[in-house]
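Beneath this line is the structure, given in structure tokens, with notes to follow.
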Amino acid sequence: MTEDPTTASGLYGISAAARLSGVGEQALRLYERKGLLTPVRTAGGTRRYTDDDVTVLRRVAALLADGLNLTGARRVLELEADNDRLRLRIAELTD
DNA sequence: CTTCTAACA
DNA sequence: TGTTAGCA
């Protein structure tokens, strides 16, 4: 446990999220504007990235490296989310 | 930290 | 189209 209890919950500022994901801060803001990501905002308007957001960021980086543009990456994320929901549904039915 | 503008590949 | 630098 090298982490502070307040940060161990997986809530990061934009600079921390950028370091963890390897994506630049400006790019993070662009991804949000394009609808790939929706980090929560504090009352003051500062973004709060969760661990899940960082995971998505890594997915996006891999997708872009595969030659997709941001719109395509957004679609893939949608489909993957649907896919996960379907897998869960199948698991329920196959019990 | 935020948003915007502009330049570049 | 997407990234980056600089400004306010």
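The basis for the numbers below is simple: all heavy atoms, side chains too, and nothing from hydrogens, waters or symmetry mates. This is a predicted model, so every value here is computed, not measured. Residue numbers begin at 1 in each chain, while the letters A, B, ... track the order of the sequences.
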With side chains defined as the heavy atoms from C-beta onward, is the minimum distance between A:Tyr31 and A:Leu64 less than 4.5 Å? yes

Look through every strand shown and name the nucleotide pairing with C:dC7 as Watson-Crick or G-U wobble, where both distances are under 3.5 Å. none

Closest non-hydrogen contact found for A:Pro39 with A:Asp53 is CA-OD2, 4.0 Å

Which is true for A:Leu64 with a 4.0 Å heavy-atom rule: it touches a base, it touches only sugar-phosphate, or it touches nothing? sugar-phosphate

Nucleotide of B:dC1, B:dT5, C:dG2 approaching A:Asn69 most closely (side-chain heavy atoms): C:dG2

OP1 or OP2 of B:dT3 versus the side-chain N and O atoms of A:Arg41: is any pair under 4.0 Å? yes

In whole angstrom, what separates A:Arg74's CZ from C:dT1's P? 14 Å

Checking contacts here: which listed nucleotide (C:dT3, C:dG2, B:dC1) is nearest the side-chain heavy atoms of A:Lys34? C:dG2

What nucleotide, of B:dT2, C:dT3, B:dT5, holds the atom closest to the side chain of A:Gln26? B:dT5

Taking CG from A:Leu28 and C1' from C:dT4, how many angstroms apart are they, rounded to a whole number? 13 Å

Using a 4.0 Å heavy-atom cut-off across all strands, classify A:Arg29 as base, sugar-phosphate, or nothing. base

Should we say atom CZ of A:Arg89 is surrounded by more than 12 heavy atoms from elsewhere, each under 6.0 Å from it? no

Measuring to OP1 and OP2 of B:dC4, would you say a side-chain N or O of A:Arg33 lies under 4.0 angstrom away? no

Any A:Ser15 side-chain N or O less than 4.0 Å from OP1/OP2 of B:dC1: yes

Nearest 0.5 Å please: distance from the CG atom of A:Asn83 over to the CD atom of A:Glu78. 13.0 Å

Provide, to the nearest angstrom, the distance between the CD atom belonging to A:Glu25 and the P atom belonging to B:dC4. 17 Å

Euclidean distance, atom CZ of residue A:Arg47 to atom C1' of B:dT2 [Å, nearest integer]: 7 Å

Rounded distance in Å - CG (A:Leu30) to C1' (C:dA5): 15 Å

Between P of C:dT1 and CG of A:Leu63, the distance in whole Å: 18 Å

Could you tell me whether the phosphate oxygens of C:dG2, OP1 or OP2, come under 4.0 Å of any side-chain nitrogen or oxygen in A:Tyr31? no

Could you tell me which nucleotide pairs with B:dT3 by Watson-Crick or G-U wobble geometry, both distances under 3.5 Å, or answer none if nothing does? none

Is the closest side-chain heavy-atom distance between A:Arg47 and A:Glu32 below 4.5 Å? yes

